[in-house]
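Note: hydrogens, waters and symmetry copies are ignored here, and every other heavy atom, side chains too, is used.
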Amino acid sequence: MKWSQTLIPTLKESPSEAEIDSHKLMIRAGLIRRITAGAYAYLPIGILVLNKVINIVREEMNRAGAIEVFLPALQPLDLLEESGRLNIFGDDLITFEDRHGKKVALGPTHEEIITDIVRNEINSYRQLPITLYQIQTKFRDETRPRFGVLRSKEFIMKDAYSFDVDYEGLNKSYQYMYDAYCKIFDRCGLDYIVVEADSGAMGGDVSHEFMVPSPVGEDILIRCLKCGYSANRERAESAPLLSDNHATPHNLEEVSTPDKRTIQEVSNFLKISPSQMIKTMLYISNGQPIAILLRGDHEVNETKLTKALGQEAVALADHKTIERITGAPVGFAGPVGLKVKIIADQAVSVLKNFATGANKPDTHLMNVNLERDFKIDQVAHLRYVIKGDKCPRCNHELDVSQGIEIGHVFKLGTKYSDALKARFLDAGGREKSMIMGCYGIGVNRIIASLIERSHDENGIVWPLSITPYHVIIIPVNVNDNQSMHMANSLYSALSSNTGTDVLLDDRDQRPGVKFKDADLIGIPIKIIIGKKFTETKEIEIKIRKTGETFLAKQEDVKSKIEGLLEILKKTR
RNA sequence: CGGGGCGUAGCGCAGUUUGGCUAGCGCGCCUGCCUUGGGAGCAGGAGGUCGGAGGUUCAAAUCCUCUCGCCCCGACCA
């Protein structure tokens with residue numbers, strides 16, 4: 001491609017809409033333009049990159065035995081109702097009525113559609129197992145789209161769904177997908193880590209997330225750098241805290257804490273550490289209020305709470321309920337004298353002489369102790385792991401960091417096949433629910449997270465596998481006939497190699513502009529036809545990532561480039 | 001959805017507090033000259049319903065009301 005014939009609108013200045021490096025660079029390098037909040041147009045080199053990523057995904061999916069389908073973006077609402085996910089998606093779902101008044105949604109994901117197809121077309125164990133996948137745009141009305149294509153209202157996802165006759169089969173299908181994911185992300189040149197995840201609202205039990213470590217990531221990763229344990233925040237566990245003081249219980253004491261409601265306010269006021277306080281949170285579970293006790297500096301993990309209660313969902317009690325149950329406004333609840341079921345986090349069970357609300361307005365209690373002052377009905381792990389917690393496996397200190405989720409694999413089991421009646425007859429003629437798995441990849445996110453990890457002050461640094469062009473030829477002076485002739489002949493020679501994408505910067509621009517632009521858009525190899533060429537007929541070759549330069553005679557350029565491409569292919 | 005901020009040329013911004021001449025600057029763009037190894041220089045030029053609607057006023061980018069859009073923090077998040 002000749003630069004003058006395509007559209008690569010580079011910008012010298014960062015657009016004000018962008019906050020993070022990848023977003024700025026995608027705009028500055030002319031990959032994308034925002035059309036409206038959370039929706040982006042991909043410009044020529046943007047779609048080149050996107051297509052390369054998609055091709056890698058497709059190749060590895062096919063290699064893993066998955067079968068591609070193409071599904072509608074328009075979905076009838078009744079299917080989502082049938083699976084019970086209409087409420088779960090809630091306002092994230094983009095819905096409208098067609099001219100006949102029929103309610104339609106733009107698909108936020110496609111479990112229901114796939115399951116619907118499979119239940120209609122597959123009835124026998126002889127047709128199983130099968131894994132179907134699609135690469136398509138999905139729509140979610142995100143409350144706050146941000147970070148460019150990292151969180152947008154429409155985005156491209158690869159979604160695969162596996163259907164097996166039994167759990168053994170599911171394990172196999174899952175492993176195929178897991179392995180394929182590793183290959184895909186490896187090929188895209190990404191540094192990623194795999195963490196155990198909670199399967200959350202998708203249902204099912206085993207799940208892994210593929211994460212690119214990044215401070216701009218919206219997910220929190222808990223990792224043990226010693227033994228390799230890694231999990232996301234919802235899933236992560238920590239070693240139980242030990243009772244470290246054998247302090248004798250002091251006398252219970254009531255203190256006045258006028259208008260001090262939060263842990264922060266009370267701990268400042270009483271001059272004690274938040275970790276010497278207990279916070280009491282009232283939840284509604286199964287229609288009944290229950291009290292959850294947490295250490296003051298800990299936060300409730302509702303995923304774990306939900307599981308501990310064996311419920312589908314729990315919700316915080318409203319203020320009125322709290323007043324009714326505790327006899328005090330929000331901010332003064334405590335376990336002493338409370339007449340509801342009490343579940344304590346493990347960290348609470350080892351505390352002595354702590355402070356907590358007195359269930360009386362403007363009053364807290366000091367030197368509260370378990371057993372003596374109140375009893376708990378259940379101890380469970382209910383909180384998020386924080387810095388300082390120890391690894392549940394090897395007791396080494398856990399690392400807390402951030403990451404961008406680029407892929408997620410789930411063992412769903414029969415959640416959707418039960419709900420949507422996707423059944424088959426086994427060899428013995430018995431009807432059974434299909435065992436499902438589902439596997440997603442955020443295609444746009446691959447690009448953004450790659451840039452997030454692979455750029456420098458001059459711009460993007462593409463890996464060979466997904467770069468829009470492998471080589472950029474820069475004739476320094478396009479008005480010099482010999483230079484242009486050389487540029488054109490190199491362009492033809494290199495382009496004739498299948499699989500080598502060449503960009504020729506034929507613009508009549510000053511060299512500085514061309515070098516800056518080539519760096520900005522991140523092309524791995526530059527071929528420069530300039531001073532050296534006019535003087536000695538030598539051609540300069542420069543590597544974007546390392547800045548290494550080579551001089552080659554004109555007849556050697558092609559083989560030199562081929563050699564460099566081979567080397568770059570192998571290095572990440 | 002709560003809090004904060006911003007909308008002025010393709011991009012980045014000043015001007016708004018305290019209303020007042022023809023609305024400015026940098027980049028980019030067009031023409032010419034010059035220049036050709038890391039975002040050159042000189043000269044000339046095009047480009048604006050100041051987000052929109054209504055109001056106050058002799059006079060509104062500037063003040064008031066409403067509205068739309070966008071960004072940030074938080075909440076939310078298969």
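With hydrogens and angles left out, the side chain of A:N458 and the base of B:G38 share no donor-acceptor pair within 3.5 Å. Between the side chain of A:E540 and the base of B:G37, a donor-acceptor pair under 3.5 Å is found. Residue-to-nucleotide contacts include a donor-acceptor pair under 3.5 Å from the side chain of A:K542 to the base of B:G38.
Comparing the same atom, C1', in B:U17 and in B:U35 gives a spacing of 47 Å after rounding to whole Å. Using P as the reference atom, B:G51 and B:C11 are 14 Å apart when rounded to the nearest Å.
With sequence neighbours excluded, the residues forming a side-chain contact (heavy atoms from CB on, under 4.5 Å) with A:D259 are A:R261, listed by chain and number. For A:V330, the side-chain contact (heavy atoms from CB on, under 4.5 Å) partners two or more places apart in sequence, or in a different chain, are A:H319, A:I322. Not counting sequence neighbours, the partners of A:E538 by the side-chain hydrogen bond (donor to acceptor under 3.5 Å, both in side chains) test are A:T536.
Among residue pairs with one or both ends in residues 22-32 of chain A, those qualifying as side-chain hydrogen bond (donor to acceptor under 3.5 Å, both in side chains) are A:S22-A:E452, A:H23-A:Y40; sequence neighbours excluded. Note on residues 11-20 of chain A: no pairs pass side-chain hydrogen bond (donor to acceptor under 3.5 Å, both in side chains), not counting sequence neighbours.
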Using the 3.5 Å cut-off, write out each protein N or O paired with an N or O of nucleotides 8-12 of chain B and the distance between them.
from	atom 1	to	atom 2	distance (Å)
B:G12	OP1	A:S16	N	3.1
B:G12	OP1	A:S16	OG	3.1

For residues 213-220 of chain A, dump all side-chain donor-acceptor pairs below 3.5 Å to protein atoms at least two apart in sequence or in another chain.
from	atom 1	to	atom 2	distance (Å)
A:S214	OG	A:V216	N	3.1
A:E218	OE2	A:R151	NE	2.9

Distance-only check: which donor-acceptor pairs under 3.5 Å involve side-chain atoms of residues 508-528 of chain A, not counting sequence neighbours?
from	atom 1	to	atom 2	distance (Å)
A:K514	NZ	A:P475	O	3.0
A:K514	NZ	A:D505	O	2.9
A:K514	NZ	A:R507	O	2.7
A:D517	OD1	A:T10	OG1	2.9
A:D517	OD2	A:T10	OG1	3.4
A:D517	OD2	A:R507	NH1	3.1
A:D517	OD2	A:R507	NH2	3.0
A:D519	OD1	A:K526	NZ	2.4

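Side chain of A:K12, nearest nucleotide from B:G28, B:G37, B:G74: B:G28. Distances were taken from every side-chain heavy atom of A:R144 (C-beta onward) to each of B:A78, B:A75, B:G39; the shortest belongs to B:A75.
Sorted by residue number, the members of residues 471-483 of chain A with any non-hydrogen atom under 4.0 Å from RNA chain B read A:V476, A:N477, A:N479.
The phosphate of B:G69 has neither OP1 nor OP2 within less than 4.0 Å of any side-chain N or O from A:T36.
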